[in-house]
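Given the structure is predicted, the values throughout are model-derived calculations rather than measurements. Per chain, numbering begins at 1; letters A, B, ... match sequence-line order.
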2 protein chains.
Amino acid sequence: MLSKKTKYGLKALTYLASVGTKEPVQIAEIAKHENISQKFLESILLTLRRNGFLGSKKGKGGGYYLIKQPEDIQMTSVMRVLEGPIAMVPCVSLNFYEKCDDCPDENKCSVHKLMLQVRDSALEVYRNNTLADLIS
Amino acid sequence: MLSKKTKYGLKALTYLASVGTKEPVQIAEIAKHENISQKFLESILLTLRRNGFLGSKKGKGGGYYLIKQPEDIQMTSVMRVLEGPIAMVPCVSLNFYEKCDDCPDENKCSVHKLMLQVRDSALEVYRNNTLADLIS
DNA sequence: TCTTTATCCTATTAAAACCATAGACTTTGT
DNA sequence: ACAAAGTCTATGGTTTTAATAGGATAAAGA
């Protein structure tokens, strides 16, 4: 299941991209428009900022804004930051690889074989979608 | 993340397919061979039996065995039974559809749009793989 | 019939992850 | 100075996951 964190994060990014302004947008506005708990959204926007997707401005007239062009924001990087590994199993993860405790030989493992295909297919989707593609 | 339940279930199915016998295989043997907690595996095999993948025999010489040919067991059905919905979000699920509380219009939702593609790509992988394909 | 072997079933628990809220702080603009 | 907004930490509640405990049931064989 997709976490609420990722879901809300994606919606917030989309909203910021759709307003298309350089002006900061306040958390409250995003939360209201997308029906998201404001406090929770707060922490999500914070991690998006820390990971280089958003900029922020404090104080009156402050808020969050996109740092890059929507066309330059790939879903692969957004998903990795918000949701974590794209692979369903650490032993097929490109960025978060871990060996399985059980499983003496990955190459003979049926789960490995299947999940490798699933990862590749998901990766293809995420690579083919930028933030700009999500705005219809 | 793939749950251990699914992982173990897949491994157990693969093992049963690979021994390729009609003779029942005992839980203990599967558990030992695949490094799985026996008690946990017990409950997994039980749900696999209840969902028509396995047959069982009680008492001495008992155990579990595949009911169908490995070629006839699609990963779509295995995944749905063990892991649940294939979609990452209920609003794009074929078999477990649910409307989102937030989100007034699915067709305009960026998350919906993206996750629809992810679902389709995963589905294609699962449809193209039977249990037989996982045995190398 | 009795014993052994193995599945069947329910309940419970321990740990982890997830979602959300509270509240104090810091910064900024006026 | 003051109000508006992001920053940060901590905490609590709920749900899910993984595993365990303990017995009930059924089959096979002596």
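Note: CD (A:Glu29) to C1' (D:dA4) measures 15 Å, nearest angstrom. Counting to the nearest Å, the C1' atom of C:dT4 and the CD atom of B:Gln26 are 12 Å from each other. In this structure, B:Leu48 atom CG and C:dT7 atom C1' are separated by 14 Å, rounded to whole Å. Taking atom CG on B:Leu82 and atom C1' on D:dT16, their separation rounds to 16 Å, with Å as the unit. If you measure from atom OH of A:Tyr65 to atom P of D:dG6, you get 12 Å, rounded to the nearest angstrom.
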Contact state string [nucleotides 15-30 of chain C, B base, S sugar-phosphate only, - no protein heavy atom under 4.0 Å] | ----SSBBB---BBS-
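Under the salt bridge (Lys or Arg N to Asp or Glu O under 4.0 Å) criterion, the residue pairs touching residues 7-27 of chain B are A:Asp102-B:Lys7, A:Asp102-B:Lys11, with sequence neighbours excluded. The list of ring-ring contact (aromatic ring centres under 6.0 Å, His included) pairs with a residue in residues 38-87 of chain B, not counting sequence neighbours, reads B:Tyr8-B:Phe40. Within the structure, the salt bridge (Lys or Arg N to Asp or Glu O under 4.0 Å) test picks out no pair touching residues 51-74 of chain A (sequence neighbours left out). Applying the salt bridge (Lys or Arg N to Asp or Glu O under 4.0 Å) test to pairs two or more places apart or on separate chains, those with a residue in residues 35-52 of chain B are B:Lys39-B:Glu42.
Under the side chain to side chain donor-acceptor pair (under 3.5 Å) criterion, B:Tyr126 pairs with no residue at all, not counting sequence neighbours.
Taking the side chain of A:Arg50 as heavy atoms from C-beta on, and the options C:dT7, D:dC8, C:dC9, the nearest nucleotide is D:dC8.
Here A:Leu45 lies out of heavy-atom contact (under 4.0 Å) with every strand.
Within the structure, every side-chain polar atom (N or O) of A:Arg49 is placed at least 4.0 Å from both OP1 and OP2 of D:dG6.
Among A:Asp133, A:Asn128, A:Asn129, the single residue meeting the side-chain hydrogen bond (donor to acceptor under 3.5 Å, both in side chains) criterion with B:Gln117 is A:Asn129.
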